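As the structure is a prediction and not an experimental result, all values here were calculated from the model.
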Amino acid sequence: MTSIESKRVQYRKYLERAGVIDALSKALIKLYEEQNKPEDAIRFVRKFMCESCPDDAQYDLMKNDLDEAKTTIARLEQELERLRGQIKKSPEEYQELTMAGYKSLIDDEEYVSSLLRKYLTPELLEEYMLVTTPSPVDAYLYDCAVSGFEHHDAPVGIYAADAECYDVFTKLFDPIIREYHGQEENDSDVLQKDVDWGNVDEIENLDAERKYILSTRIRLSRNIEGLPFFPKLTEKQLIEVEDKIRAATETMDGELIGTYLTMGDIDTETQQEMVKRNVLFARGEGYLQTAGCYRFWPTGRGVYHNPAETFMIWSNEEDHVRVISAAQCGDLGDVYQRLVTGIQELEKNLTFIRHPSYGNLTACPTNLGTTLRASVHIRLPLLSKDEERLKAMSEELSLSIHGTGGEHTPIEDGVMDISNKRRMGFTEFELVKSLQDGIVALINAEEELEIAGQEG
């Protein structure tokens with residue numbers, strides 16, 4: 001029995017245990033016995049199965065009430081953020097908050113592996129406690145570490161509140177960056193190479209027959225010079241970022257021509273549909289929420305996309321700008337070419353922050369360097385059954401492999417997300433080329449298993 005057939009059997013048994021099949025059967029029998037067959041059979045079945053359930057008119061009314069409630073909540077949250085912004089913490093209050101957060105982090109005996117906990121020593125805490133980045137941002141250590149102080153399970157636990165954080169708090173950020181990006185043995189002060197898109201013609205369609213690869217996606221993150229990162233962005237600055245992005249997209253040409261949509265102007269249902277298609281982003285929770293990523297939501301958030309939805313630019317999703325190129329196939333060359341064209345077009349109108357050591361700067365230290373993530377969703381049913389071999393190949397090829405539902409999700413039915421593991425220390429072209437070489441190697445391994453199965 002195949003894995004799919006096994007899941008079908010398990011699912012049917014679940015439906016039987018839950019009484020779903022019995023309830024459906026009774027409803028269908030009732031419909032069969034009905035002398036005057038209703039025009040809307042689905043509505044009849046639904047009403048039979050749940051007499052107390054709301055009808056269509058009641059459902060629409062409840063849905064409208066829910067949408068209005070969400071709008072009211074968003075408005076109240078914005079007002080709350082404005083009020084918070086008017087309250088200026090004193091240095092003594094920052095000191096008290098930092099000490100309490102640090103004590104909570106250090107005293108936790110269950111979660112002990114965050115990089116913030118590892119590198120924020122008592123000595124550094126004392127040195128950086130009341131240090132701030134230059135005005136007008138004036139970011140404290142607490143502004144960077146508040147998420148890690150609350151979420152002890154965070155792998156890293158720190159975000160830069162502005163570009164200057166990487167230099168002002170360098171004794172904390174630098175070792176975190178070096179460990180995360182595997183640069184501990186690098187004695188150079190320069191960890192990231194200059195931008196180099198390489199020869200885009202060397203990047204190819206990896207699955208012209210569409211046998212294995214379901215989709216391909218490459219994204220980059222950028223932050224605009226002269227503005228802080230999300231932990232310290234004001235409401236006015238969020239709007240400023242969006243206005244700059246909107247203006248910069250007006251010069252797009254060819255297949256990149258599209259439309260800019262402000263999130264606040266998109267109704268809830270359409271937003272949800274766009275999120276499902278990976279055209280738009282949703283508000284998250286957890287680490288980023290605590291760090292301040294979703295303040296004044298949805299102010300300043302939006303998306304630019306072309307009609308084919310193969311090129312997108314997100315405004316204030318996490319960093320100021322996220323550029324995405326995608327395709328529902330394995331043509332990595334086409335996706336890469338479009339990404340390069342798009343970012344170079346943006347650079348004609350926007351100046352992005354770049355650090356002499358770390359390359360392109362992002363709020364999260366894990367994305368520094370190229371900020372590039374290239375990925376494919378691919379079906380490799382035979383290779384996925386040999387977990388040890390797949391893991392060994394991914395390590396050898398410097399690839400990250402997990403389920404399509406995100407990091408830490410399992411591979412299902414042989415379908416997986418494969419991306420470049422590295423961000424820093426290589427050029428953009430080198431990373432995309434390494435992904436290409438890795439995908440080719442994995443497909444070759446799958447084909448070998450197919451041939452062996454046929455011969456066996």
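For the residue pair D267 / T270, a side-chain donor-acceptor distance below 3.5 Å is found, with atom types taken as modelled. No hydrogens or angles considered: nothing links the side chains of N360 and H355 as a donor-acceptor pair under 3.5 Å. Side-chain polar atoms of S221 and R322 form a donor-acceptor pair below 3.5 angstrom. With no hydrogens or angles considered, a side-chain donor-acceptor pair links T290 and H151 at under 3.5 Å. With no hydrogens or angles considered, a side-chain donor-acceptor pair links E242 and T262 at under 3.5 Å. Defined by atom type and a distance below 3.5 Å, a donor-acceptor pair is missing between the side-chain atoms of T371 and R423. No side-chain donor from either of D174 and Y166 sits under 3.5 Å from a side-chain acceptor of the other. Checking R373 against S375 by side-chain atom types alone, a donor-acceptor pair falls below 3.5 Å.
No donor-acceptor pair under 3.5 Å is formed between the side chain of D413 and the backbone N or O of V415. A donor-acceptor pair under 3.5 Å is formed between the side chain of Q237 and the backbone N or O of T234. Side-chain atoms of E428 never come within 3.5 Å of backbone atoms of L372 as a donor-acceptor pair (strictly under, hydrogens ignored). Within the 3.5 Å criterion, the main-chain N or O of P365 finds a donor-acceptor partner in the side chain of H181. A donor-acceptor distance shorter than 3.5 angstrom exists from the side chain of E446 to the backbone of L383, with no hydrogens or angles considered. The main-chain N or O of A161 is never found under 3.5 Å from a side-chain atom of D143 such that the two would form a donor-acceptor pair. Distance alone, capped at 3.5 Å, is enough to place a donor-acceptor pair between the N316 side chain and the L238 backbone. Of the possible donor and acceptor atoms, none in the side chain of H377 sits under 3.5 Å from a partner among the backbone N and O of L214. At least one donor-acceptor pair closer than 3.5 Å links the side chain of Q192 to the backbone N or O of G425.
Looking at heavy atoms from C-beta onward, L116 lies in side-chain contact with F149 at the 4.5 angstrom threshold. Using a 4.5 Å heavy-atom threshold, the side chains of I177 and L368 count as touching. Between R117 and H152, the closest side-chain pair of non-hydrogen atoms is not below 4.5 Å. Contact of the M424 side chain with the T370 side chain is not registered, since no non-hydrogen atoms from C-beta on lie closer than 4.5 Å. Taking the side chain as every heavy atom from C-beta outward, D417 and V376 never approach each other to under 4.5 Å. Using a 4.5 Å heavy-atom cutoff, the side chains of L339 and V323 are in contact. Between R389 and L449, the closest side-chain pair of non-hydrogen atoms falls below 4.5 Å. Under the 4.5 Å side-chain criterion, counting only non-hydrogen atoms from C-beta, K63 is in contact with E269.
We find the CD-OH distance between Q183 and Y358 to be 11.0 Å, quoted to the nearest 0.5 Å. To the nearest 0.5 Å, atoms CZ (F352) and CG (N223) are separated by 9.0 Å. Distance NZ/K433 to CG/L435: 11.0 Å, rounded to 0.5 Å. Distance CD1/I411 to OG1/T409: 8.5 Å, rounded to 0.5 Å.
Under a cut-off of 6.0 angstrom, the local environment of CD in E184 is crowded, with over 12 non-hydrogen atoms contributed by other residues, nucleotides or ligands. Annotation: R379, atom CZ; neighbour count of heavy atoms from other residues, nucleotides and ligands within 6.0 Å does not exceed 12. For N199, the CG atom is densely surrounded, since the number of other residues' heavy atoms within 6.0 Å is greater than 12. Within 6.0 Å of the CD1 atom in I42, the count of heavy atoms belonging to other residues, nucleotides or ligands does not exceed 12. Atom CZ of R210 has 12 or fewer heavy atoms from other residues, nucleotides or ligands within 6.0 Å.
Heavy-atom minimum distance, M416 versus T404: C-CG2, 3.9 Å. Of all heavy-atom pairs between G342 and M252, the closest is O-CE, 3.9 Å. Contact detail for M393 and A441: the closest heavy-atom pair is CE-O, 3.9 Å. Contact record, Y294 with E317: CE2-O, 4.3 Å, taken as the closest heavy-atom pair. Scanning all heavy atoms of the two residues, the minimum distance from L233 to P228 falls at CD2-O, 3.4 Å. Closest approach of S384 and E387 over heavy atoms only: O-CG, 3.9 Å.
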* To do: Run the numbers on C293 and Y159 for side chain to side chain contact (heavy atoms under 4.5 Å, CB included), then give the verdict.
  => CA-CA 10 Å; C293 189; Y159 297 90; over 6 Å; no
* side chain to side chain contact (heavy atoms under 4.5 Å, CB included) evaluation trace for V146 with Y140 -> CA-CA 10 Å; V146 59; Y140 281 81; over 6 Å; no
* To do: Take S434 and E430 through the side chain to side chain donor-acceptor pair (under 3.5 Å) test and state the conclusion after the steps.
  => CA-CA 6 Å; S434 69; E430 287 172 339; over 6 Å; no
* Going through the checks in order, is the side chain to side chain contact (heavy atoms under 4.5 Å, CB included) test met by T427 and V195? -> CA-CA 6 Å; T427 69; V195 175; over 6 Å; no
* Walk me through it: do T310 and D334 pass the test side chain to side chain contact (heavy atoms under 4.5 Å, CB included)? => CA-CA 10 Å; T310 57; D334 178 61; over 6 Å; no
* To do: Would you please test T133 and D162 for side chain to side chain donor-acceptor pair (under 3.5 Å) and show each step?
  => CA-CA 8 Å; T133 61; D162 62 5; 3.0 Å; yes
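Both the sub-6.0 Å distance and the 45° axial angle are not jointly satisfied by R17 relative to the ring of Y14.
Just one residue in the list R295, R82, K70, R283 forms a salt bridge (charged side-chain N to carboxylate O under 4.0 Å, His left out) with E77, and that residue is R283.
Ring orientation note: the planes of W297 and F281 are nearly perpendicular, at an angle over 60° on the 30°/60° scale.
Between R246 and D243 a salt bridge is recorded (basic side-chain N to carboxylate O distance below 4.0 Å). Electrostatic pairing of R222 and D319 does not count as a salt bridge here, judged by no charged N lying under 4.0 Å from a carboxylate O. The pair E179-K118 counts as a salt bridge, with a side-chain nitrogen and a carboxylate oxygen less than 4.0 angstrom apart. Look at E345 and K348 and you find a salt bridge, because one of the NZ, NE, NH1 or NH2 atoms lies within 4.0 Å of a carboxylate O, short of that distance.
Between F429 and W197, the ring centre distance reaches or exceeds 6.0 Å. Taking the ring centroids of Y119 and F173, they lie at or beyond the 6.0 Å cut-off.
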